[in-house]
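What follows is a set of notes on a single structure, which appears directly below.
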Number of protein chains: 2
Amino acid sequence: MKLKEFAKQLGLSPTTVSRALSGYPEVSEVTRARVVQEAVRLGYRPNVNAVRLKTGRVGAIGVVMGRASEFHFAEFMAGMAERLITEDTDILVIPMANPEYDAEMQLYRRLAESQRVDAIIVHSPRPNDQRIALLHELGMPFLVHGRSDIDVPHPWLDIDNEGAVRRATSHLIDLGHTRIAMINGREGATYALHRDIGYRSALQSRGIEVDPQLIANGNFTDELGFRFARSFLEQPKRPTAFVAGSMMTALGIYRAARSLGLQIGRDVSVIAHDDVFPYLTADNMAPSLSATRSSMRAAGTRCADLVLQLLAGRSPTEIHELWPVELILRESTGPVRMPQT
Amino acid sequence: MKLKEFAKQLGLSPTTVSRALSGYPEVSEVTRARVVQEAVRLGYRPNVNAVRLKTGRVGAIGVVMGRASEFHFAEFMAGMAERLITEDTDILVIPMANPEYDAEMQLYRRLAESQRVDAIIVHSPRPNDQRIALLHELGMPFLVHGRSDIDVPHPWLDIDNEGAVRRATSHLIDLGHTRIAMINGREGATYALHRDIGYRSALQSRGIEVDPQLIANGNFTDELGFRFARSFLEQPKRPTAFVAGSMMTALGIYRAARSLGLQIGRDVSVIAHDDVFPYLTADNMAPSLSATRSSMRAAGTRCADLVLQLLAGRSPTEIHELWPVELILRESTGPVRMPQT
DNA sequence: ATATTTTCTCAAATCGATTTCAATTTTGGC
DNA sequence: GCCAAAATTGAAATCGATTTGAGAAAATAT
């Protein structure tokens, strides 16, 4: 059913029908009501591609899917979806084959120039992220999930990683811990850097020296959590507490501790960052996991919202949201008990 | 840069330029080479929306994102992405707000009619799934990930859920278990049904009566795994073994067993289905988890491939792939030891 | 040298909407 | 009852490509 045909059936011109459906004021309410009603009855829907060609809008937001942390990605997208469901806007997932820097830049360039998306969401930015410079230069609307200190203005939404980790670490210090290990995300991303800063500053402000032997970086997997924790715990002067970047890492740490006969919450304290997954909750771990918490899904929803605002004309330079992170104490943290080394 | 303008710069007609770029045979190789080269140099790219309007081809495959099992979804998409990276085809994620049946059908109808995607992948089909009938009726190309026994021909790719669970259950019986609990996925989906059939047939073929008290259905979360396992294990005649639908469920079962002082692999055996996640592996669980294994990511890759074939003209009726499932035995299964009830 | 193919190129129609500008009908004031 | 102003409506241009049907140029055959 095309517009022309539909209009003829109603005895109106295409112009009037189009206006009625798009909510323009020039058409009387009586006519509009009739058009809308008939559109439903006869099943007329404007052809998306024609609308897009004419209006120049694509109706899609692009997100590039990297290789790492799919589980974060899925939650974020689910959040976006929640917001976009009411709009006529889709999510376009662009796979990234090659994590090399040049290839990545090329991908963003192609994406921006292809006119397949109205805006792009940039994930896991680096401190000096050229993707941001590129998108800015190309004039492609974008939103950064995370932050960068590149000197190009960019709209962003981030959580307070530094503050979160500082509080977590401080709390462990309050409990008497001094040998606190840090299992962070992969080096390079701003969030990992911020967490590192939070960790160091907490230690330093309490006069505790930072021991590079207790810091590790890597993907958020159970496997790496286990390996790092295990190697730390086998050191002669083993850590009595852990700060970890994800739930998966925490699972690995639990396993490592258990494998060495150490009890979580008594022999070893753990605080991890919880991105709030419906299928794995900190409260349900055994013992329940103390965590810094911030909902990845909520971030997705809000990012989608901000992108829509951006497209509606809101100035990019004024969009900066820093979300606080909760610290929730559960059973996995307790006062230090010196290992009998 | 528009076609007209670009053509003028080259001293050619839009027709010739369009043909040169789309690879039509009517244009000489010399001309084509020049056009292609200049397109790159001057940065000309056809407007996607104009192409889509004119050709009716979109260059995107749609997947509807439900609410449950995001982690499966992400892996599947990552797999699709791996295949599509070389094609000029995107993945369009369509959020589903309302899991109610009518709303869901409406969504698929709109999607099919909106011409925003060239094909659709249908997930978690039900035995008599009207989405399939609808898409078939509308003539929209689609592929089902899973199966349905609806009497409408549909191309599908599925894993052998029934066989996998039958083997898992049989193996437990071989080890002497007779009280074997089953924690399945949500009722309604074909795969859950198939697994149920596999479970029952294994028991029945060995003369063991099916106890409805030992069967549970629900989402694949750690939480539900724990709750079901816990309630089963607290029964007077507790099960000595579990068959579970996912790794998350298995985590919950492990926790439940541990909380009751039962040792996995000795007091309680567990076999779960492993969809192969990079961030959580069966081998790394403690004790390592015996599992029926099938890669969700590989399924995504293959589904993308099949959809491309479908769009290239392959007959839908001949696409039926049933993948075998491996059974990998590790430490979480062992011979039965009777509880001292 | 002419006729016939083959190769290449182009003008114009088309996809299905939106929107400008002008025409028509209604309404309101006196 | 007439005229100006306001409210509606519609014809035609436009978005940026693809593709049909036909014409010109080059290559080959007679």
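In this text, all values refer to a predicted model and were calculated from it rather than measured experimentally. By convention in this document, chain letters (A, B, ...) are assigned in the order of the sequence lines, proteins followed by strands, and residues within each chain are numbered from 1.
Residues from residues 20-40 of chain A with heavy atoms under 4.0 angstrom of DNA chain D, sorted by number: Glu26(A), Val27(A), Ser28(A), Thr31(A).
With hydrogens and angles left out, the side-chain atoms of Ser295(B) and Arg297(B) include no donor and acceptor closer than 3.5 Å. Using modelled atom types and a 3.5 Å distance limit, the side chains of Ser18(A) and Thr15(A) yield no donor-acceptor pair.
Residue Arg45(B) is in sugar-phosphate contact alone, with no base atom involved, counting any heavy-atom pair closer than 4.0 Å across all strands shown. Ser18(B) comes within contact range of at least one nucleobase, with a heavy-atom separation under 4.0 Å. Among the atoms of the strands shown, only primed sugar atoms or phosphate atoms (P, OP1, OP2) are found under 4.0 Å from some heavy atom of Tyr44(B). Within the 4.0 angstrom heavy-atom criterion, base atoms lie near Arg19(A).
Where Leu53(B) and Thr16(B) each meet DNA chain D at their nearest nucleotide, the meeting point lying more 5' is that of Leu53(B). Both Leu12(A) and Ala50(A) lie close to DNA chain D; mapped to their nearest nucleotides by heavy-atom distance, the more 5′-ward contact belongs to Leu12(A).
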Test log, rule ring pair (Phe, Tyr, Trp, His ring centres under 6.0 Å), inputs Phe76(B) and His123(B):
CA-CA 10 Å; Phe76(B) 184 86; His123(B) 281 279; 4.6 Å; yes
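For His72(A) and Phe277(A), the ring centers are positioned less than 6.0 Å apart.
Taking the charged nitrogens against the carboxylate oxygens, Lys2(B) and Glu5(B) have no contact shorter than 4.0 Å, which rules out a salt bridge.
On the nucleic acid side, DNA chain C contacts chain A at distances under 4.0 Å to non-hydrogen atoms, with the end points of that region at dG16(C) to dC21(C).
With rounding to whole Å, Lys8(A) atom NZ is found 13 Å from dG10(D) atom P.
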